[in-house]
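As the structure is a prediction and not an experimental result, all values here were calculated from the model. Per chain, numbering begins at 1; letters A, B, ... match sequence-line order.
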Amino acid sequence: MSQVSTQITVTLPDGSRRSLDAGATAADLARSISQGLFARSVGALVNGEIRDLYTPLAEGDAVKLLTPDDPESLELLRHSTAHVMAEAVQRLFPQAKIAIGPTIADGFYYDFDIPGHTLSPEDLEMIEEEMKRIVREDQRICRYQIPDVDGQLAEFVRQGEKFKAELLEEHRNDSPTLYLMQDKNGKTVWNDLCRGPHLPSTGLIKAYKLLKVSGSYWRGDEGRDKLQRIYATSWWKAADLEAYLKRLEEAERRDHRRLSRQLDLFSVHDEVGPGLIFWHPNLATVRATIEDFWREVHRKRGYQLVFTPHIASEKLYEISGHLQSYGENMYSAMDIDDQPYRVKPMNCPGHIMIYKSRLRSYRDLPLRFAELGTVYRYERSGVLHGMLRVRGFTQDDSHIFCTPEQLEPEINGILDLIDLLMTTFGYTYKAYLSTRPEKSIGTDEEWAMATGALEAAMKARQMDYQVDEGGGVFYAPKIDIKLYDAIGREWQGPTVQVDLNLPRRFDVTYVGEDGERHQAVMVHRAVLGSMERFCGGLIEHYAGVFPTWLAPVQATVLPISDRHQEYARQVFEKLRERDLRVTLDDRSETINYRIREAQMQQVPYMLVVGDKEQAADSVSVRHRRDGDVGTIKTAEFLDKITQEVAQRS
RNA sequence: GCCGACGUAGCUCAGCGGUAGAGCAACGGUUUCGUAAACCGUAGGUCGUGGGUUCAAAUCCCACUGUCGGCUCCA
């Protein structure tokens, strides 16, 4: 051990400082703290960035050693598992060329080009077996800075690793690194061009599973090589993997297409075409209830409801620009009296027509037009998905026309409405502000005004939000809200956009205090998005167990035997008079059978009536979740359920 | 659109070269019941569509169509 004269000092998470020999790595730091920590460390967080355990540290670095207890360590684990998977694939399929293999939420994937072979589910098992071997071999994973980029390039080319060659060429000035997999004798058995970071060795990999194969394209470009992608996941503990697979199962259980069959919610038909939804009575009831609520809250907030036609002359979409920039998502023209017409893909031009039907004064503003507007858009067949991705859908669309001064309070009002609706349905959410992208129209002042108003409104409400720099659409900055459902999945939620384009294209103006015409400011916003997607998502969020105010059937009356039918009918009528959705199930099936059926249909209340209830003008209440909750007076039950519905709980 | 898997009774699925099966649902009867499936019986499919191979095709091959998992796109 030669004593190096220079020392460096690093800071630990608890604020304490530690001196190390210059050139010391995070591993050395761990060792200097305790053997136990060293044994558990798999990487380090250096100045907030995840790094290899054997990263040399520099003077002043803030270092946190990562062990499997730290969530950040999963990134290392998954990235390394991806490499092991790629190594396994190349062992089994020597002709396979590797593309990229990043980590994603809950796992990772790796893309391959495997000439002459298509991966099958059986292959996945084989690959898993091979991975087991690589893990058992406990290969070291070493970072290696490429000293001679051209030499390495030539090597990649010689190996036919054209994707890696392309990547290396691109990153040649970024101090590119290889990660080498080395066996016990220090011999490199595999390598991958990779920025890292990685685990120190493959032996640390424990619980992983390959999930599915699918197609992809090199760099996501369908003009380029077709690749095969393997999706997989990796965890530190078998129990975590188990829990994750359980979560997938739970998601499967909640799948709205599956629940639709059980609860008779919606259908699509070959004879009609894909992506076109038929709402059955049960789901139509849910939707209608949501729409009633939606209309109520909009009226209360000064929105005016409008309706616009489903087809329009092409001229409209030429003015709006949709034909030019959105044409490939629009259905082809139909001929009406020698004029081309189109099915509407957007509601905005229609709302603008209403605005422009007369001269507007600043005194009229803001004008808030809202419509449950049905639109049709061409979606490529492969992307259609149940109710979540369709070709015809109804947006809860609104366009607000206002002055620049009114913009901020209007945004604030929208955010308030969003909060009310999302809270009612039990979603939590996060907000994102998307700012001006590179390719965009409008002046700097316009963008500053619009973006500023969005930001100011969120700040005024003390909302947490993240900024997605350059993530706006070309004509507008926007606020996107992401929803989190009952099992923590993310959904695309409400969106608010300040449009800098259409007011100009349509010459949307108002007469100001000064008697001059000014261009109006226009805001697009959708809260629920589309009724199809929202209701589809809601089915999964509630797992088909709709709260009482939304439930297709809120209560069912179950007479014990035929002699109770008359009384059961009386109870049924009483509920119906209260405008409750109630059914009477007096079929000659056993009471157990009828209860089971109501349970499986997720009916909130089952009202069992027999001799005792008949004698006491009462009902025996069975709740779908709590079971038999006892007998109460019919009038009392009516009050309770009516209140529950009114509270939307 | 592209890659891959799949399409058998209303639903869930078995059969995978040799005369189409089960459970549930439906229908008819019996049963009149106290909190998650009473009993007996009946009916139901040109095996997604079209073509090919074969003495013979639900089964093998091709095309189309739809669904599913991804890619991609999302004014």
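For A/Ile230 and B/rG4, the CD1 to C1' distance is 13 Å, given to the nearest whole Å. Residue A/His269 contributes atom NE2, which lies 16 Å from atom C1' of B/rG48 at whole-angstrom precision. For the pair A/Asp225 CG and B/rC2 C1', the computed distance is 13 Å after rounding to whole Å. For the pair A/Trp218 CH2 and B/rC3 C1', the computed distance is 17 Å after rounding to whole Å. Rounded to an integer number of Å, the gap from NZ of A/Lys226 to P of B/rG1 is 14 Å. Rounded to whole Å, atom P of B/rU72 lies 20 Å from atom CZ of A/Arg377. We find that CD of A/Gln228 is positioned 10 Å from P of B/rA5, with the value rounded to whole Å. Atom-to-atom, CG of A/Leu265 to P of B/rG10 comes out at 20 Å; the value is rounded to the nearest Å.
The side chain to side chain donor-acceptor pair (under 3.5 Å) check on A/Tyr429 picks up A/Asp419, with sequence neighbours excluded. Every side chain to side chain contact (heavy atoms under 4.5 Å, CB included) that A/Lys162 has, sequence neighbours left out, goes to A/Asp225. Scanning for side chain to side chain contact (heavy atoms under 4.5 Å, CB included) contacts around A/Tyr303 gives A/His298, A/Arg301, A/Arg368, A/Ala370, A/Ser398, A/Ile400, A/Ile414, A/Leu417, A/Arg525, with sequence neighbours left out. Every residue two or more places apart in sequence or in another chain that forms a side chain to side chain contact (heavy atoms under 4.5 Å, CB included) with A/Gln395 is listed here: A/Asn347, A/Val375, A/Arg377, A/Phe393, A/Asp397. A/His322 pairs by the side chain to side chain donor-acceptor pair (under 3.5 Å) definition with A/Ser320, not counting sequence neighbours. Contacts of A/Gln228 classified as side chain to side chain contact (heavy atoms under 4.5 Å, CB included), with partners at least two apart in sequence or in another chain: A/Ile114, A/Thr118, A/Leu119. Residues passing the side chain to side chain donor-acceptor pair (under 3.5 Å) test with A/Glu170, sequence neighbours excluded: A/Arg219. In this structure A/Asp255 satisfies the side chain to side chain donor-acceptor pair (under 3.5 Å) test together with A/Arg257, sequence neighbours excluded.
The aromatic rings of A/His256 and A/Phe266 sit parallel, their planes meeting at an angle under 30°, below the 60° perpendicular limit.
Both A/Leu119 and A/Ser320 lie close to RNA chain B; mapped to their nearest nucleotides by heavy-atom distance, the more 5′-ward contact belongs to A/Leu119. Comparing A/Val473 and A/Tyr378 by the nucleotide of RNA chain B that holds the closest heavy atom to each, the one mapping nearer the 5' end is A/Tyr378.
Annotation: cation-pi geometry satisfied between A/Lys482 and A/Tyr432 (NZ/CZ under 6.0 angstrom from ring centroid, within 45° of ring axis).
Under the Watson-Crick or G-U wobble criterion, with both distances below 3.5 Å, B/rA22 is paired with B/rU12. Using the Watson-Crick or G-U wobble rule with both distances under 3.5 Å, B/rA36 pairs with nothing in any strand shown. When Watson-Crick and G-U wobble pairs are counted only if both distances are under 3.5 Å, B/rC71 pairs with B/rG1. When both distances must be under 3.5 Å, the Watson-Crick or G-U wobble mate of B/rU31 does not exist. Base pairing annotation: B/rA63 forms a Watson-Crick or G-U wobble pair with B/rU49, both donor-acceptor distances under 3.5 Å.
When heavy atoms are screened at a 4.0 angstrom cut-off, A/Glu613 is found touching base atoms of the nucleic acid. Residue contacts for A/Asp611: at a heavy-atom cut-off of 4.0 Å it reaches a base atom on one of the strands shown.
A/Phe112 has its ring centre less than 6.0 Å from the ring centre of A/Tyr110.
Comparing the same atom, P, in B/rC2 and in B/rA58 gives a spacing of 30 Å after rounding to whole Å. Separation of the P atoms belonging to B/rC55 and B/rA14 is 31 Å when rounded to the nearest angstrom. On the P atoms, B/rC60 is 10 Å away from B/rC16, given to the nearest whole Å. Between B/rG69 and B/rC62, the two P atoms lie 25 Å apart (nearest whole Å). The gap from the C1' atom of B/rU49 to that of B/rU31 amounts to 47 Å, rounded to the nearest Å. The same atom, C1', is picked in B/rA57 and in B/rG50; the two are 15 Å apart, to the nearest Å. With both ends at atom P, the span from B/rC11 to B/rG17 equals 26 Å, rounded to whole Å. Nucleotides B/rA63 and B/rG21 have their P atoms positioned 32 Å apart, rounded to a whole Å.
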Got a list of protein N/O to nucleotides 22-33 of chain B N/O distances below 3.5 Å?
residue	atom	partner	partner atom	Å
B/rA25	OP1	A/Tyr593	OH	3.2
B/rU31	O4	A/Ser588	OG	2.6
B/rU32	O2	A/Asp562	N	2.9
B/rU32	O2	A/Asp562	OD1	3.4
B/rU32	N3	A/Asp562	OD1	3.0
B/rU32	N3	A/Asp562	OD2	2.8
B/rU32	O4	A/Asp562	OD2	3.0
B/rC33	OP2	A/Arg563	NH1	3.2
B/rC33	N4	A/Glu589	O	3.3

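The base of B/rG1 has none of its N or O atoms less than 3.5 Å from a complementary donor or acceptor on the side chain of A/Glu328.
In this model, the phosphate group of B/rA36 is not approached by any side-chain N or O of A/Arg624 to a distance below 4.0 Å at OP1 or OP2.
Salt-bridge annotation for A/Arg594 and A/Glu589: absent, with no side-chain N of the basic residue lying under 4.0 Å from a carboxylate O of the acidic one.
Against RNA chain B, the stretch residues 430-438 of chain A makes no heavy-atom approach under 4.0 Å.
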Can you check each nucleotide of nucleotides 65-71 of chain B against protein heavy atoms at under 4.0 Å and return B for base, S for sugar-phosphate only, - for none, in 5' to 3' order?
-SSSBBB
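When every heavy atom of A/Tyr567 is checked against every heavy atom of A/Glu613, the shortest pair comes out as OH-O, 3.4 Å.
Contacts classified as ring pair (Phe, Tyr, Trp, His ring centres under 6.0 Å) and involving residues 608-632 of chain A (residues at least two apart or in different chains) are given here: A/Tyr605-A/His623.
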